[in-house]
Amino acid sequence: MKTIRIFDTTLRDGEQAAGGSLTIDEKMEIGRQLQRLGVTVIEAGFPSTSPGDFEAVQLMSRELRDVEIAALSGYGENLVEKTWEALKEAERPLLHTVISTSDNHLKSQLKMSRKDVLELTKRTVTFSRQLVPHVEFSAMDATRSDPAFVAQVLGVAVAAGATVVNIPDTVGYTMPEEFEELIGYCMENVPGISEVIVSVHCHDDLGHAAANSLAGVRMGATQIECTINGVGERAGNASLEEIVMALRTRQDFYNADTAIKSEEIYRASRITSNYMGMPVPPNKAVVGSNAFAHSSGLHQDGMLKDRSTYEIMKAEDVGQAQSKIVLGKFSGRHAFRNHLSSMGIDFEDDTEFQHAFDTFKRVADRKKEITDRDVEAIVQDRLHRSIEEKYRLELLQVQCGTSGVPTATVRLKTPDGSTVEDAALGDGPVDAVYKAITRIVDMPVTLTEFAISAVTEDTDAIGEVTIRVVSGNRTATGYGADTDIVVASAHAFVNGLNRLATESAIVGSDERQAASV
Ligand code: KIV
Ligand code: ZN
């Protein structure tokens, strides 16, 4: 049985998703969860493209042990040196270099000849290997390239010392059978390929990213690059949870598995979705809320007789089992802290812990039983608010119902320290609240997305609100959780505004868009 390396690129390619930028604290939190999940490699960022990415790679290299930390570099000595500077404190560094190989990219984007690409590959990989023993080389847009040229470039990379060669379907263009052919061709025609790790990296533009990645494994690839929830550039990357559970469930077919602790998948999915402001659709494979729900009478009948009639995986195997009741309104600080620890959450900052505890007490007063999902939502809400609170919601009053016009009064603490109160009418309570807040804040802002969901069943559930706001050319997400969904909506909006107002807090894609590989 082969063990496939899981190279997670949620924090690099995943963060390139439009509007999916993360703060450094959020990146660290996701990084820690990826480590608990047991991925082989965490690609932590693209240091040469933004100071925020540089810092995130550096912090992750310092803190996360027992896992390979990768950072992406463009070609040429200068970019490699800068990338290495961010990565050098990692216990197991992997320097990832990339050059395009398709004639399309060569002509239209890079203005280079094939000979230039061969020379740059040799120079970049040789130089990288002088700095670090583990170097990956990616042939960008490989699936739209001449296979003979891809094999030639990969051969040069291997000869120059690459320890991993990656064959990406950069634009999600290939079909599984075609991809199998390309990987098979490279396996036969790249000198020395049997001595290195062969990796695949597929995008989901035509919905084939997971299938293509698995086709690569069938032809001998031993590393898959993927992201939690399949987040990423355009339609995203291959989704980690789909690949991991396909290999685990169909070991008989692939004769391969991964080292992933699958019970940590659901939590990784929730954290990523929350921080990136990208809700998971209910029917999403493995992590969607309906992925293990059986509604038709026929299916329910089968399930009651034998789960295997309609289930190929168990919800508990991916950490998606029924949420357990863990705490109540009489639970104290100690019980709350212990429970957080058992979930792998440790607040280093006592003030932050106290804020989370206060929120827990407030929720527990209104909601009899607190489940682990509630605790998670409370913590997410706190972590989101750990961003500098230039604006803080101090009071909210709403009037709405079947008669009259919905009205909201809000009081906000503003960046200059003063407290401002205003009121507005709206076509619903949330509209009225957002209008009242917008009257106070000192920037033009448009709400482009709003999603609300219940954390658990029943009417006393915590409601989670995720929003996206745009001001000028900046986009930010916001998150809020509360048993009162209008309050949660207000917190989400204020959180989004704080992110827009804190220029330096957003790292990644906004800045990266201006940079090129
Ligand atoms: O999609 C792609 O080709 C990439 C490379 C940097 C591997 O993300
Ligand atoms: Zn990619």
Side-chain angles (χ1 to χ4, degrees), residues 5-18 20 41-50 53 57 68 70-76 79-80 83 87 94-106 108-110 117 120-121 124-125 128 134-145 149-150 153-154 157 162-174 179 182-183 186 196-210 212-213 216 221 223-240 243 508-509 512-513 515-517:
R5 290 163 52 92
I6 293 294
F7 176 117
D8 181 279
T9 182
T10 306
L11 298 174
R12 197 277 299 169
D13 218 347
E15 207 211 4
Q16 285 175 215
V41 185
I42 296 175
E43 187 164 46
F46 195 173
S48 60
T49 58
S50 86
D53 258 34
V57 170
E68 290 175 30
L72 181 63
S73 171
Y75 48 79
L79 293 182
V80 168
T83 309
L87 191 62
L94 170 60
L95 198 137
H96 181 186
T97 59
V98 57
I99 305 182
S100 286
T101 50
S102 68
D103 289 336
N104 178 318
H105 283 203
L106 263 56
S108 309
Q109 192 182 15
L110 303 182
V117 170
L120 267 174
T121 303
T124 304
V125 176
S128 303
H134 201 15
V135 171
E136 170 165 328
F137 175 80
S138 288
M140 195 182 219
D141 207 16
T143 54
R144 290 194 303 165
S145 307
F149 184 56
V150 173
V153 176
L154 294 185
T163 48
V164 185
V165 288
N166 182 33
I167 304 169
D169 182 25
T170 303
V171 290
Y173 175 75
T174 200
F179 199 51
L182 176 64
I183 305 297
C186 291
V196 300
I197 295 162
V198 177
S199 175
V200 289
H201 173 117
C202 300
H203 281 266
D204 210 30
D205 300 64
L206 293 171
H208 290 137
N212 286 336
S213 307
Q223 174 172 292
I224 299 181
E225 305 196 357
C226 47
T227 60
I228 303 290
N229 300 337
V231 292
E233 192 85 46
R234 305 180 310 279
N237 288 63
S239 139
L240 179 145
I243 284 163
S509 61
R512 280 202 207 118
Q513 270 156 19
S516 70
V517 177

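Computed from a predicted structure; not experimentally measured. Keep in mind that the numbers below use all heavy atoms, side chains included, and drop hydrogens, waters and symmetry copies. For ligands, and for the atoms within them, numbers begin at 1 and follow the listed sequence.
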Does the N or O separation between [X] and ligand 1 drop below 3.5 Å for any pair?
| X | result |
| --- | --- |
| His96 | no |
| Ser138 | no |
| Asp141 | no |
| His201 | yes |

Worksheet entry | Heavy atoms of other groups near Tyr173 OH, more than 12 under 6.0 Å | no
Worksheet entry | Given Leu154, Val164, Asn166, Ile167, the one that forms side-chain contact (heavy atoms from CB on, under 4.5 Å) with Val198 |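 The option that passes is Ile167.
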Discussion item. Using 0.5 Å steps for rounding, measure from the CD1 atom of Ile197 to the CD atom of Gln223.
Written reply: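 Rounded to the nearest 0.5 Å, the CD1-CD separation comes out at 6.0 Å.
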Where's the contact between [X] and ligand 1, heavy-atom distance under 4.0 Å: side chain, backbone, both or neither?
| X | answer |
| --- | --- |
| Thr170 | both |
| Glu233 | neither |
| Arg12 | side chain |

Indicate yes or no: at least one non-hydrogen side-chain atom of [X] is less than 4.5 angstrom from one of [Y].
| X | Y | result |
| --- | --- | --- |
| Gln16 | Arg234 | no |
| His96 | Thr83 | no |
| Asp8 | Ile228 | yes |

Fill in: Protein N/O/S atoms closer than 2.8 Å to the Zn ion (ligand 2)
Asp13 OD2, His201 NE2, His203 NE2
